[in-house]
Amino acid sequence: MLSRLSLLGDPMIAVLLIATALAMVIPAGGEARATAQIISNAAIFVLFLVNGMRIARGEIARGVTNWRFFLPLFLWVFGAMPLIGLGLSHIASTMLPAMVALGFLYLGTLPSTVQSATSYTSLAGGNVALSVVGAALINIAGVFVTAPLFAVLAGSDAAEIGGETIMRIGLILILPFIIGQAVQGWTIDWLKERKSQVAWLDRAVIGIAVFVAFSGAVEQGLGTMFGALGWAALIAIVIVYLIAASGGAWISGGLLRLPHADRTAFLFAGAQKSVAIGAPLAAIMFPAEVAGFVIAPLLLYHLLQLMIAAPVAGMLARD
């Protein structure tokens with residue numbers, strides 16, 4: 001089980017590495033980038049349509065009624081984590097390019113990732129049902145909350161996020177999700193029978209979004225903008241963020257006096273950040289030449305969270 005959930009055993013890692021490598025070697029520029037952006041937007045629309053179809057309305061209702069778990073989780077993910085990201089972005093701005101530093105704030109405003117959060121909760125012997133519903137609700141909230149929360153906390157640094165961007169988010173993310181919720185009575189069973197194909201749809205869309213984002217960043221000189229010390233600083237700050245996120249989520253669950261199984265669900269649903277939302281949303285929120293810089297901390301965080309989650313889950317299972 002551990003091997004399947006490890007860093008090298010996750011197909012998403014291969015998708016992210018391939019997309020990043022392609023952008024480094026053959027970045028989409030000029031007219032090709034415009035075409036790639038259109039393809040990316042269309043793929044994101046389909047992804048969120050499917051997300052709306054597969055998240056059962058009954059699960060959403062049950063999760064909302066469990067306010068003792070969901071409300072603190074919401075406050076942790078969209079309150080404490082963005083504030084930690086804001087502080088780290090100020091520290092990072094002294095060592096890294098401004099848009100990479102801003103990526104730590106963007107990372108903090110993102111919702112949890114459903115798939116790995118629930119997988120590691122299961123591995124650790126936690127409350128899987130609570131983790132599924134909690135992470136799903138946080139993901140739904142993130143579609144509506146992340147962009148305005150980021151704009152408020154980033155202030156003048158987010159000047160690019162205006163009415164046109166909010167409209168794109170509504171048309172490409174929120175509208176298909178609402179349509180999916182409306183038609184899910186006819187589609188949810190069909191999707192459940194095709195879980196593996198849907199999983200590869202997720203990965204393909206994320207790969208396209210990452211490729212488009214990094215293509216713009218490569219053309220702007222991402223590879224040469226900072227040297228070995230800059231990369232070391234970026235990795236170090238991401239590690240600090242991950243430790244603060246995981247430690248804070250675990251301590252918060254203890255302060256709330258949650259049962260061990262619920263506390264485990266809170267840990268993984270609270271600390272795991274979603275590249276499935278982050279990469280597509282960045283492709284909509286930011287110009288192509290900026291998005292690659294902003295998601296750099298997110299991609300590193302995603303890799304590192306998978307590296308530590310399996311051994312942590314193993315220790316919790318033994319407890």
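What's counted below: heavy atoms across the whole structure, side chains too, no hydrogens, waters or symmetry copies.
Among the candidates Thr20, Ile18, Leu22, the single residue satisfying the side-chain contact (heavy atoms from CB on, under 4.5 Å) test with Phe211 is Leu22.
Closest of all the heavy-atom pairs between Ile295 and Gly278 is CG2-O, 4.4 Å. Of all non-hydrogen atoms in Thr94 and Ile91, the two that sit nearest each other are OG1-O, 2.6 Å. Minimum interatomic distance between Ile208 and Ala43 (heavy atoms only, all atoms of both residues): CD1-CB, 4.3 Å. Here the closest non-hydrogen pair linking Leu316 and His260 is O-CE1, 4.0 Å. Here the shortest heavy-atom pairing between Leu149 and Pro82 reads CD2-CG, 3.8 Å. Smallest separation of non-hydrogen atoms from Ala19 and Gly207: CB-O, 3.4 Å.
For the pair Leu304/Ile308, no side-chain contact is recorded, criterion being any heavy-atom separation below 4.5 Å from C-beta on. By the 4.5 Å heavy-atom criterion applied to side chains, Phe266 and Pro72 are counted as neighbours. Under the 4.5 Å side-chain criterion, counting only non-hydrogen atoms from C-beta, Leu229 is not in contact with Met95. When side chains are defined from C-beta on, Val205 does not count as touching Val46, because their heavy atoms never get closer than 4.5 Å. Residues Val77 and Lys273 have side chains in contact (heavy-atom distance under 4.5 Å, counting atoms from C-beta outward).
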What's the verdict on side-chain contact (heavy atoms from CB on, under 4.5 Å) for Tyr301 and Leu110, showing C-alpha distance, side-chain angles and the deciding distance?
-> CA-CA 12 Å; Tyr301 188 98; Leu110 289 172; over 6 Å; no

Residue pair Val312, Leu267: steps toward the side-chain contact (heavy atoms from CB on, under 4.5 Å) verdict = CA-CA 10 Å; Val312 167; Leu267 165 64; 4.2 Å; yes

Under the side-chain contact (heavy atoms from CB on, under 4.5 Å) rule, what do Leu71 and Leu75 come out as? Steps first, then yes or no, please.
-> CA-CA 6 Å; Leu71 180 58; Leu75 293 175; 4.3 Å; yes

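Once rounded to the nearest 0.5 Å, the distance linking CD of Gln184 with CH2 of Trp190 reads 14.5 Å. Here CD1 of Ile277 is found 7.5 Å from OG1 of Thr146. Values are rounded to the nearest 0.5 Å. In this structure, Leu102 CG and Leu107 CG are separated by 11.5 Å, a value rounded to the nearest 0.5 Å. Between Leu105 atom CG and Met81 atom CE the span is 12.0 Å, to the nearest 0.5 Å. Here the straight-line distance linking atom CZ of Phe45 with atom CD1 of Ile179 works out to 4.5 Å at 0.5 Å rounding. Remark: Ser112 OG to Phe78 CZ distance equals 7.0 Å, nearest 0.5 Å.
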Please report, to 0.1 Å, the donor-acceptor pairs under 3.5 Å made by any side chain of residues 244-256, with sequence neighbours excluded.
| from | atom 1 | to | atom 2 | distance (Å) |
| --- | --- | --- | --- | --- |
| Ser246 | OG | Leu242 | O | 3.0 |
| Ser252 | OG | Gly248 | O | 2.7 |

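In this structure, the side chain to side chain contact (heavy atoms under 4.5 Å, CB included) partners of Ala92, at least two apart in sequence or on a different chain, are Leu96, Ala101, Phe104, Ile237. Every residue meeting the ring-ring contact (aromatic ring centres under 6.0 Å, His included) condition with Tyr106, not counting sequence neighbours, appears here in chain and number order: Phe150, Phe286.
Cluster membership check: Ile138 does not share its hydrophobic cluster with Leu83, using side-chain heavy-atom separations under 4.5 Å among Ile, Leu, Val, Met, Phe, Trp and Tyr. Hydrophobic clustering (ILVMFWY, side-chain heavy atoms < 4.5 Å, transitive): Ile38 and Leu49 are in distinct clusters.
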